[in-house]
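Data block below; observations after.
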Amino acid sequence: MANDEERHDPEGVDIGEGRGDRHRKAAQDREAQRKAKAAAKLRENLMRRKTQARARRAGEEDLTQGLPAAKTDESS
């Protein structure tokens, strides 16, 4: 009898992966993609923080891409 990892039809030809094997491989691929995306985001965030820290040490202003600062001259 063939073991669980090797499947053969009666003529001895490989059947291939089972549904469970394909599902497990797809889940592993999704997990690997998720981890790679998270790592890229962390690197991007680290680079942005380093740039901000260098700008503060040099006395330059932060060039942010977020919301503009509140207007202090029009407030009462």
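On a predicted model such as this, the values are computed, not experimentally measured, just so you know.
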- Just one of Arg43, Lys50, Arg48, Glu44 clears the side-chain contact (heavy atoms from CB on, under 4.5 Å) bar with Leu46, so which one?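 Testing each of Arg43, Lys50, Arg48, Glu44 against Leu46, the sole residue satisfying side-chain contact (heavy atoms from CB on, under 4.5 Å) is Lys50.
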- Task: Could you grab the distance from atom NE2 of His23 to atom NZ of Lys25, nearest 0.5 Å is fine?
- Result: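 Reported to 0.5 Å precision, the distance equals 13.5 Å.
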- Item | From CZ (Arg56) to OG1 (Thr51), nearest 0.5 Å |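 Arg56 CZ to Thr51 OG1: 11.0 Å, rounded to 0.5 Å.
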- Measure across Asp21 and Arg24 and return the closest heavy-atom pair with its distance rounded to 0.1 Å.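 Residues Asp21 and Arg24, closest heavy atoms: OD1-NH1, 3.1 Å.
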